[in-house]
Amino acid sequence: MLAVVGAGPRATGLLERIAANAPGLWPAERRLHIHLIDPHPPGPGRVWRRDQSPLLRMNSMAEDVTMFTDEASTVRGPVRPGPSLAEWAAQFSGDGPRYAPYAEPSDPEVLAELRALAPTDFPTRRVQSAYLEWVFRRALSELPPSVTVEWHRTTATAVTGPPDGPQRVRLAGRSDPLTADLVVLAQGHLGAEPSGRHARLAAFARRHRRFHLPPEFSSDADLSGLRPGEDVILRGFGLAFVDLMVLLTEGRGGRYRTAPDGTLRYLPSGREPFLHVGSRRGVPYHAKTRYRLRGPRPPFPRHFGPDAVAALLARDRPLDLRTDLWPLMAKEIGFGHYHELFHGHPERTALGWPDFLAAFDRLPWYSAEMAALVASAVPDPADRLDLEALDRPLDGLSFPTPESFQDHLRDHIARDVARREDPAYSADLGAFLALLSVYGQLPPLVASGRLTARSVADGIDGWWHGFFSFLASGPPGFRLRQLLALSEAGVVRFLGGDLRVGTDEETGTFTATSPTVPGHTVTATALIEAYLPAPSLERTEDPLLRALHRGGELTEEVLSDATHTHRSGLLSVDPGDARVLDPGAGGPHPRRIALGAPTNSRAVAAFARPRTDSPGFRQNDAVARLLLRALAAGEFGAASPAGWPGAGVPRPAGPA
């Protein structure tokens, strides 16, 4: 018996890999029953469930979403290609082959969206929900007859059992627990109870009968308490803000109209609140690119790959993100950018690619010689990659009036959208693909324990995660054009960078200030923390993880050195096999595995772009193989024949 807690994309990907590997690893005469536990529908799970606003969309183009391995995948098990979201959707308009098991979505609105979907469109989340539901059904159809799956539409509340014996999983609303030989925790992104400062702000709001929303998944948030015309401060300018913006404007009856000059105009319904938004950077995430590479795909990795990671780990000292890793990471991003510029737009370069690459490979990223090489080979400064300027576009700027800042930021947003939708700047896509490659190389370094605690706290989990999201995980361009229209209509106002939020007990209002507009203070009767909740085992809303944490049966990742201690809030798993680290078991628990967002594996997404050798797919494959081997052998200890090799830290395939 195998119990999998969570039925979203992570669990679906694991089932797909079990189906792919079972013919070679599972005895045909043996039966295996898999318990799948989730109150939300299998495939999409909670985050991608269908019953959320049809206004909410993905921030990826349809052709950039897949749940399947392909020719670029370095998995140990069989590669089983499958359709991207765009390819799967094409079958409903008659533009592509049918994929088994074929069935048209029962929701006519979703079916209409699928028929109209173009590969470069940004689908609604309910379209992605339909795709994930189909992937789940396909995985079930490809399991051998001896492997069966049972979905329990409820919540797992606890798991008990000794390291050397069966595990018992308790379910809400059921008296008898499920019994399993192995348990996989794959709950996905989790909510958390408000932390100290959020709890204080919530208490302030209760005292003064104001509205306060702590970090929350936007599709789950109750926004009904916000009144029409109410002033609302939103702290956060990423994807959560975009969702909230949509729900509080279009979601309340507002409409957009395209003017004769092609710009959008917002027509308010009168039910919208007024949104005042700011953040640390003070600008929205960069728009997603909406073009393809003009040149060949850059051969990643080149400067920050397994060899570079091995060389870093060979150094006989703690590693620092900024001084040891970042110069190589930045050079890899630069390689992706210039590879596309030289191959896709050679007319804008003044040196042949072989000569440029030879010098580029030789020179440190942060050196006068590299700056001189780029200046001589790339005449237009707009074609050069300046990561520091991209990271903090408002640094050193201040504005005398709020209106002058509104004008500046509207111009900044308009230029960003235009660049991200103009294939003349496809070098930005080369840099984006390099960012994905870099992200996938970091888990082994973090798992090694060689990075300083501050480098993980302020670097990997802090600055780097924010920088990656800012450049690579922004909204579709049309969302930023809508933001411009809302700004022009006065529904949205920009606050600036390094936002400071306070409270005024005398007036019972929230306040917001920013050095971007010195001396200007905004007051509001509502505050929204427009970002996702940080991971926390101590405050998690998941009852099973909360019970294990309070019972001392799992470990929160704590990194410590002579100068710093970092509690990440993530569940610690063995870096070699993804088993839960259990103090009671004296190390990894032989029968409990954890995957995905709540764990310290990091950088292992549930779905991916095609042909990117997804770390998540590699991890799913490795875990599926070790599960099948261990269950077939009936041995689950660290020294079992299964070997538990390489599940937690994705790495290229070697001999099977």
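For reference, positions follow the sequence shown, starting with 1. Model, not experiment: these values are computed from the prediction.
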Taking [X] for its side chain and [Y] for its backbone only, find out whether a donor-acceptor pair lies under 3.5 Å.
X      : Y      : result
Arg168 : Thr160 : no
Ser448 : Leu445 : yes
Gln187 : Gly6   : no
Tyr338 : Val374 : no
Asp391 : Leu387 : no
Thr599 : Gly596 : yes
Ser279 : Gly236 : no

For Phe237 and Leu499, what are the C-alpha separation, side-chain angles and deciding distance, and is it a side-chain contact (heavy atoms from CB on, under 4.5 Å)?
CA-CA 11 Å; Phe237 221 157; Leu499 186 69; over 6 Å; no
Before you tell me yes or no, could you show the steps for Phe432 and Arg609 under side-chain contact (heavy atoms from CB on, under 4.5 Å), namely the whole-Å CA-CA distance, both residues' side-chain angles and the distance that decides it to 0.1 Å?
CA-CA 12 Å; Phe432 168 82; Arg609 281 190 168 221; 3.2 Å; yes
So, taking the atom named [atom1] in [X] and the one named [atom2] in [Y], what distance separates them when rounded to the nearest 0.5 Å?
X      : Y      : atom1 : atom2 : answer
Thr155 : His40  : OG1   : NE2   : 7.0 Å
His303 : Ser437 : NE2   : OG    : 11.0 Å
Ile333 : Leu433 : CD1   : CG    : 11.5 Å
Leu2   : Leu14  : CG    : CG    : 7.5 Å
Arg546 : Glu541 : CZ    : CD    : 8.0 Å
Arg592 : Leu554 : CZ    : CG    : 8.5 Å

Go through the steps to decide whether Arg302 and Asp361 satisfy the test salt bridge (Lys or Arg N to Asp or Glu O under 4.0 Å), and finish with yes or no.
CA-CA 9 Å; Arg302 186 175 184 89; Asp361 284 346; 2.6 Å; yes
Between Arg125 and Asp243, does the salt bridge (Lys or Arg N to Asp or Glu O under 4.0 Å) criterion hold? Intermediate values first, please.
CA-CA 11 Å; Arg125 292 187 193 165; Asp243 286 349; 2.5 Å; yes
Looking at every non-hydrogen atom in both residues, tell me the closest pair between [X] and [Y] and how far apart they are.
X      : Y      : answer
Pro515 : Gly497 : CD-O, 3.5 Å
His564 : Ala453 : O-CB, 3.5 Å
Ala287 : Arg420 : O-NH1, 2.9 Å
Leu239 : Gly474 : CD2-C, 3.7 Å
Phe607 : Pro9   : CD2-CB, 4.2 Å
Ala7   : Ala11  : CA-CB, 3.8 Å

Checking salt bridge (Lys or Arg N to Asp or Glu O under 4.0 Å) for the pair Asp498/Arg392: CA distance, chi angles, key distance, verdict?
CA-CA 10 Å; Asp498 292 320; Arg392 296 300 296 265; 3.2 Å; yes
Any side-chain heavy-atom pair of [X] and [Y] under 4.5 Å:
X      : Y      : answer
Phe468 : Leu442 : no
Lys331 : Phe360 : yes
His412 : Leu394 : no
Val75  : Arg625 : no
His589 : Val159 : no
Leu527 : Thr503 : no
Arg76  : Asp621 : yes
Ile460 : Ser455 : no

So, Phe300 versus His339, ring centres under 6.0 angstrom or not?
no
Would you please indicate if the ring centroids of Phe204 and Phe510 are separated by under 6.0 Å?
yes
Please tell me whether Asp428 and His286 have a donor and an acceptor in their side chains that are separated by less than 3.5 angstrom.
no
Think Arg46 forms a cation-pi with Phe217, using NZ or CZ under 6.0 Å from the six-ring centre and within 45 degrees of its axis?
yes
Step by step, work out the side-chain contact (heavy atoms from CB on, under 4.5 Å) result for Val573 and Asn600.
CA-CA 7 Å; Val573 297; Asn600 64 341; 3.3 Å; yes
Counting only heavy atoms from other residues, nucleotides and ligands, does the tally under 6.0 Å from CZ of Arg567 exceed 12?
no
Please say whether more than 12 non-hydrogen atoms of neighbouring residues, nucleotides or ligands are located less than 6.0 Å from CZ in Arg384.
yes
Please assess Arg591 against Asp181 for the test side-chain contact (heavy atoms from CB on, under 4.5 Å), listing each intermediate value before the final yes or no.
CA-CA 7 Å; Arg591 294 173 180 261; Asp181 297 298; 4.1 Å; yes
Can a salt bridge be assigned to the pair Arg317 and Asp324 using a cut-off of 4.0 Å between side-chain N and carboxylate O?
yes
